[in-house]
Amino acid sequence: MQFESLTADLKAWLKTSVEGGHGRDALIQSMRTAGYQAEFARQAVELALARFAATAAPAPVAVGEAVAAATTAMPSASELLTETPNAIETSDRRIDILFVLNAPRVILFGNLLAPEECDQMIELSRRKLARSTVVNAATGAYDVHPDRTSSGTHFERGENELIVRIERRIAELVDLPLENGEPIQVLHYTPGAEYKPHWDYFDPALPGNEKVLAMGGQRVATLVMYLNDVESGGSTVFPEVGLDVLPRKGNAVYFAYATEDGQLDRRTLHGGSPVIAGEKWIATKWLRQREYRALPA
Ligand code: PD2
Ligand code: ZN
């Protein structure tokens with residue numbers, strides 16, 4: 001492959017990103033998220049590094065550092081739940097803490113949702129499911145992508161009495177204003193469906209992320225709530241730290257992206273492994289630095 005044979009847009013994006021100090025892995029990951037095949041992405045990034053790295057910023061900056069540098073008050077989520085009691089009482093529920101990993105900060109909650117709440121969320125979602133998308137970091141568009149083969153839907157914040165109750169509970173649990181939460185996304189996986197490993201935070205150096213970052217700043221943490229028991233497969237995996245969280249109805253896994261020194265933590269790489277038998281339903285709440293407000297499409 002020749003660098004010159006790439007499209008003008010891709011060449012321009014690679015030049016800016018390399019000169020901005022973004023590293024090999026971050027660039028390849030961004031291209032993969034934008035839909036390029038792995039081998040093509042790897043070759044294009046190598047060519048761009050060979051061509052532009054000499055003029056790049058002196059110390060290559062990892063994506064996490066670049067994001068942290070470009071955002072303010074990033075550490076808010078690293079302060080979340082820094083103490084680890086056995087359980088947390090919110091105004092309407094006692095939530096168990098089943099395990100804690102400190103680096104990256106990952107917490108498994110038991111009993112976050114009642115079985116009836118899980119069932120209701122599934123029933124309200126079932127009729128409005130559509131194929132899931134990912135944010136294309138090059139263009140900002142929401143694209144269908146082979147790395148994410150679930151289908152899903154969402155509930156507007158405060159959409160109904162059930163969502164109001166759950167959002168209030170989450171806000172108390174993580175000690176962030178309810179307004180910092182994105183709308184709850186519900187995902188449905190059938191056998192074979194998966195979500196390949198990715199980071200949930202956005203790289204602000206990529207042009208397509210400008211709009212999502214304008215809607216409340218950087219994401220600071222994820223809460224994945226399991227709505228059913230899965231017959232086989234469908235765990236949430238953290239390959240950088242060898243952690244596999246098995247889906248159990250009513251449990252939820254929380255992870256915050258800031259390291260102790262306020263950088264974005266690349267060890268929060270995570271994925272939804274393929275469902276082998278049965279089906280998997282989850283509800284995800286992403287938390288932002290500031291109030292989340294959607295911009296018009
Ligand atoms: O389904 C999951 O377990 C999963 C895995 C990775 C969900 C997400 N990411 C997500 O919604 O971001
Ligand atoms: Zn994710």
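In each ligand, atom 1 is the first atom listed, and ligand 1 is the first ligand listed. For clarity, every value in this text was computed on a predicted model and none was experimentally measured. Each residue takes its place number in the sequence, starting with 1.
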Worksheet item: Who are the ring pair (Phe, Tyr, Trp, His ring centres under 6.0 Å) partners of Tyr226, not counting sequence neighbours?
Response: none
Fill in: For Tyr195, all residues meeting ring pair (Phe, Tyr, Trp, His ring centres under 6.0 Å), sequence neighbours excluded
His198
Practice prompt. Restricting to N/O/S, name the atom of Asp200 that gets closest to the Zn ion (ligand 2).
Written response: OD1
Worksheet item: Do you know which N/O/S atom name in His198 is closest to the Zn ion (ligand 2)?
Response: NE2
Worksheet entry | salt bridge (charged side-chain N to carboxylate O under 4.0 Å, His left out) pairs, two or more places apart, involving residues 93-102 | Glu89-Arg94
Discussion item. Before you tell me yes or no, could you show the steps for Arg165 and Glu161 under salt bridge (charged side-chain N to carboxylate O under 4.0 Å, His left out), namely the whole-Å CA-CA distance, both residues' side-chain angles and the distance that decides it to 0.1 Å?
Written reply: CA-CA 6 Å; Arg165 184 179 347 128; Glu161 180 275 328; 2.9 Å; yes
For ligand 1, output the ligand-protein N/O contacts shorter than 3.5 angstrom; if there are none, return none.
| from | atom 1 | to | atom 2 | distance (Å) |
| --- | --- | --- | --- | --- |
| ligand 1 | 1 (O) | Tyr189 | OH | 2.6 |
| ligand 1 | 1 (O) | Lys280 | NZ | 2.8 |
| ligand 1 | 3 (O) | Thr236 | OG1 | 2.6 |
| ligand 1 | 3 (O) | Lys280 | NZ | 2.9 |
| ligand 1 | 9 (N) | His198 | NE2 | 3.2 |
| ligand 1 | 9 (N) | His270 | NE2 | 3.1 |
| ligand 1 | 11 (O) | Thr284 | OG1 | 3.2 |
| ligand 1 | 12 (O) | Asp200 | OD1 | 3.3 |
| ligand 1 | 12 (O) | Asp200 | OD2 | 3.3 |

Practice prompt. Flag yes if more than 12 heavy atoms outside Arg131 fall under 6.0 Å of its CZ atom; otherwise flag no.
Written response: yes
Discussion item. Is it the case that atom CD in Glu210 sees more than 12 heavy atoms from other parts of the structure closer than 6.0 Å?
Written reply: no
Worksheet item: Pick one: which of Ile166, Ile163, Leu162 meets side-chain contact (heavy atoms from CB on, under 4.5 Å) with Phe155?
Response: Ile163
